[in-house]
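One structure is given below, encoded as C-alpha cells.
Predicted model only: the values in this text are computed from it and were never measured.
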Amino acid sequence: METLLFLFPQFNYMAPKEEACFKMFGPQHSQAPKMKDDFSRQKDKERKSRLSLFLTKSGSHENVSPHKKTNTPPSNISPEAALQWSDSFEELLKHSDGVESFSQFLRTEFSEENIEFWLACEEYKTIDSETKLLSKAKYIYTVYIESEAPKEVNIDYNTKVAIQKVMAKPTMSCFEAAQIKIYSLMKKDSFPRFLNSDIYLGLTRKKGPGANMFRRRSRSCVFNDRGEATNEPLAW
C-alpha cells in the first residue's frame with residue numbers, strides 16, 4: 001500500500017491537496033502557492049473596486065454634493081464672485097460655489113479625494129454624539145486613510161499609523177494632522193493651477209450681452225493720462 005501511495009499520491013486523502021498535486025504533476029507546478037497568492041490579491045483588489053463603485057453610486061460621500069458629478073462648474077456664479085476666490089485659498093473655501101468649482105477642477109486631475117477628505121474632517125469636528133463620532137471615524141478611515149482605500153489620500157506613513165492606533169476609540173482631533181497635510185497640499189499645489197485652469201478662467205471672463213468685464217488692479221502704482229502716479233484704480 002505504501003508503494004501505491006508513493007506512486008499515486010492523489011489517493012492519499014490525508015495529504016494536503018497542494019502536496020498531492022505537486023507530486024502528481026512534478027516540479028513544473030511548484031508555482032501553485034504563488035498563483036494562489038496572486039489570486040487572493042486580485043480578489044482583494046476586486047473587493048475594493050466594488051466598494052469604491054458602491055460608495056460612488058450610493059452617494060456615500062455625504063460631504064460632497066449628492067448631485068451628479070461633472071466637470072462643468074455651476075452656471076450661476078458671477079465673475080465678480082469668482083474673482084474674490086483668487087485672494088486666497090481660505091477665501092475660496094468660504095464659498096460653496098468656490099468649493100464646488102475647485103472640486104470640479106480636482107476631478108480633472110483625478111485628485112478630488114483631497115477636498116472630499118478635508119470636507120469630511122470638517123464635518124467630523126462638528127459631531128457631538130459619541131456613537132456618530134465612532135461611525136464617522138471608521139468611515140473616514142476606511143474610505144480615505146487605510147492602505148489601498150477607495151479614495152486614499154497622500155499622507156505619510158507615521159501619520160497613517162497614528163490614526164490607525166486610535167480607531168478603537170477615536171478623538172475629535174485624530175484626523176487633524178492628516179487634514180493639515182492635505183490642506184497644505186491643496187493650497188500650495190492645486191490652488192495655483194486652479195487659478196490658471198479653463199474652469200476658473202471661464203468663470204471670471206463670463207459676461208452678459210453689453211456687460212463690461214473689469215479686472216481688479218492693485219492700487220499701489222497706477223498712472224493717469226499725464227503720466228502722474230495716482231492711487232485711483234483704473235479698469236483694464
Q. Listed by chain and number, what are the side-chain contact (heavy atoms from CB on, under 4.5 Å) partners of Thr171, not counting sequence neighbours?
A. Ser173, Cys174

Q) Who are the side-chain contact (heavy atoms from CB on, under 4.5 Å) partners of Leu106, not counting sequence neighbours? A) Phe102, Ser111, Glu112, Ile115, Met186, Ser190

(Q) My understanding is that only residues two or more places apart in sequence, or in another chain, count here; which of them pass side-chain hydrogen bond (donor to acceptor under 3.5 Å, both in side chains) with Glu113? (A) none

Q.
Run the ring-ring contact (aromatic ring centres under 6.0 Å, His included) test against Phe117 and tell me which residues pass, sequence neighbours left out.
A. Tyr144

Q: Mind checking salt bridge (charged side-chain N to carboxylate O under 4.0 Å, His left out) for Lys181 and listing every partner two or more places apart, or none if nothing turns up?
A: Asp156

Q. By salt bridge (charged side-chain N to carboxylate O under 4.0 Å, His left out), which residues pair with Glu176, not counting sequence neighbours?
A. none

Q) What salt bridge (charged side-chain N to carboxylate O under 4.0 Å, His left out) pairs are there with at least one residue in residues 185-198, not counting sequence neighbours? A) Glu90-Lys187, Glu109-Arg193, Asp189-Arg193

Q: Taking salt bridge (charged side-chain N to carboxylate O under 4.0 Å, His left out) as the test, write out the residues that go with Lys169, two or more places apart.
A: none

Q.
My understanding is that only residues two or more places apart in sequence, or in another chain, count here; which of them pass salt bridge (charged side-chain N to carboxylate O under 4.0 Å, His left out) with Lys132?
A. none

**Q.** Connected hydrophobic set around Phe110, excluding itself, where side chains approach under 4.5 Å
**A.** none

Q | Which residues share a ring-ring contact (aromatic ring centres under 6.0 Å, His included) with Phe191, sequence neighbours left out | A | Phe89

Q: Check side-chain contact (heavy atoms from CB on, under 4.5 Å) between Gln164 and all other residues, then give those that pass, not counting sequence neighbours.
A: Tyr141

